[in-house]
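Report on the structure given below.
Keep in mind it's a predicted model, so treat the numbers as computed, not measured. Residue numbering restarts at 1 for every chain, and letters A, B, ... go by the order of the sequence lines.
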There are 2 protein chains.
Amino acid sequence: MAKAMARPGGRSARVQEAVHAAVHELDAEVGRDALTVPLIAARAGVTPSTVYRRWGDLRELLSDVAVEHLRPETDPEDHGELVADLTAWAEQFLDEMASPPGRAYIRDALLGDPDGDNAGQCSAYAAEQIDVILRRATARGEQQQPDVETVIDHVVAPMMYRILFRPGALDAAYARRLVADCLERGRR
Amino acid sequence: MAKAMARPGGRSARVQEAVHAAVHELDAEVGRDALTVPLIAARAGVTPSTVYRRWGDLRELLSDVAVEHLRPETDPEDHGELVADLTAWAEQFLDEMASPPGRAYIRDALLGDPDGDNAGQCSAYAAEQIDVILRRATARGEQQQPDVETVIDHVVAPMMYRILFRPGALDAAYARRLVADCLERGRR
DNA sequence: GCAGCTAACGCAAAAGGTTAGCTTTTGCTG
DNA sequence: CAGCAAAAGCTAACCTTTTGCGTTAGCTGC
């Protein structure tokens, strides 16, 4: 997330946008590992010292950009039933997060984040999506749902843990199993 | 984890040890953020280029050192019963990992780890400890245990997820609850 | 609108970190 | 003990990062 700006409108906002755009462009052109602050600054039409003063260093800048990529663009799809909604969402989440670019964004977001704000934001995104799904189920009158924290602990956390700490492959079946276990838990 | 050395004995080993020792000393003296490759190299009696050639950059070196810190020193304590063993281990694990130095080591380990080897090693440490606890329970004749993967998914993963992605506080009660839920799962 | 104020940016120089080519040392092997 | 190759030393160029100072641009109150 962008740092709180004392002057949200005007030049500050333009600079921030230009820098973020430059990161996107150069990431696509030269690749994530070849990014440097002077390179990004030149593309953004800004001096390097501006970037250093605003973001501190390259890692914090990339962390900000990564969080933008991890923000979900739409609400989860409605399949008419809690199990289906949650399963579909978990499958898509795992698919996106476990992909090479997904892993890179997660790492960047966690990496350049001294106070944990960006990481907290990532978690909040997932929590919001889950909350939407659970509220929908409530509106339908479905009973015995788990709460958001339970879903995070038993569905999101295992997937993220494996993405970060386990080299191996992850498939949709794993996501389905986690969701099934989690819902069964609430019914027993 | 140290890179595989073509010549495990002799100078290579001495250099590696000197550099690791220098990191430990300087970390204590000047603090984690003031560490630089030239500084570490000077303390280790080595030229910077040696460090760059062996480790690539500072982050990979710190990642290696962090994994050493995260290696458990002893087997988990034996309390005579699976529930007690697992609960005590989880409480201690959470306590260590959620502490400021613990978080710093986790971040360092994940950070300078292009291929995920170091992160995998961290996960393997936890898996080994859990395996010891479960084998003990088997030896006692306790039935209906979860397997290692289940404990990782439902106990380790939630704790690590919250440490990494949630700014908030974590207490021993959370660890106890996760263990209790996990064992109950196996018994239903 | 038009001063006055200050945060944010540009510029440039200095300091420090990183890389690369080449030489020397060191440990293994026959 | 002689030959070989891996690893470390050395040095110089390169790039990144920091820092101080002058300038611009957006707010605020009149």
[X] [atom1] to [N] [atom2]: how many Å, rounded?
X: B:Arg59; N: C:dT18; atom1: CZ; atom2: C1'; value: 14 Å
X: A:Gln16; N: C:dA7; atom1: CD; atom2: C1'; value: 15 Å
X: B:Leu58; N: D:dT16; atom1: CG; atom2: P; value: 18 Å
X: A:Asp57; N: D:dC15; atom1: CG; atom2: C1'; value: 16 Å
X: A:Glu60; N: D:dT16; atom1: CD; atom2: P; value: 19 Å
X: A:Leu61; N: D:dT17; atom1: CG; atom2: C1'; value: 15 Å
X: B:Leu35; N: C:dG17; atom1: CG; atom2: P; value: 11 Å
X: A:Ile40; N: D:dT17; atom1: CD1; atom2: C1'; value: 14 Å

Answer whether the closest heavy-atom distance between the side chains of [X] and [Y] falls below 4.5 Å.
X: B:Arg54; Y: B:Ser12; result: yes
X: A:Tyr161; Y: B:Leu164; result: no
X: B:Met97; Y: B:Tyr105; result: no

Donor-acceptor pair (no angle test) under 3.5 Å: A:Arg53 side chain, C:dG10 base: yes

C:dC11 base / A:Ser49 side chain donor-acceptor hit below 3.5 Å: yes

Polar side chain donor-acceptor pair, B:Asp108 to B:Ser63, under 3.5 angstrom: no

Short side-chain donor-acceptor distance under 3.5 Å, B:Arg176 and B:Thr87: no

Under-4.0 Å side-chain N/O to phosphate OP1/OP2 contact, A:Thr47 with C:dG10: yes

When you measure from the side chain of [X], which nucleotide among [options] comes out closest?
X: A:Val46; options: C:dG10, D:dT24, D:dA7; value: C:dG10
X: B:Arg54; options: D:dA8, C:dA12, C:dG17; value: D:dA8
X: B:Arg11; options: D:dA7, D:dA25, D:dT17; value: D:dA7

Geometric class of the B:Trp55/B:His20 ring pair [parallel <30°, tilted 30-60°, perpendicular >60°]: tilted

First of B:Thr36 and B:Arg14 reached from the 5' end of DNA chain C, by closest nucleotide: B:Thr36

Spacing of CD belonging to A:Gln92 relative to CD belonging to A:Gln129, to within rounding of 0.5 Å: 8.5 Å

Overall bend - the helix from C:dG1-D:dC30 to C:dG30-D:dC1, comparing terminal axes fitted on five pairs, nearest 10 degrees: 40°

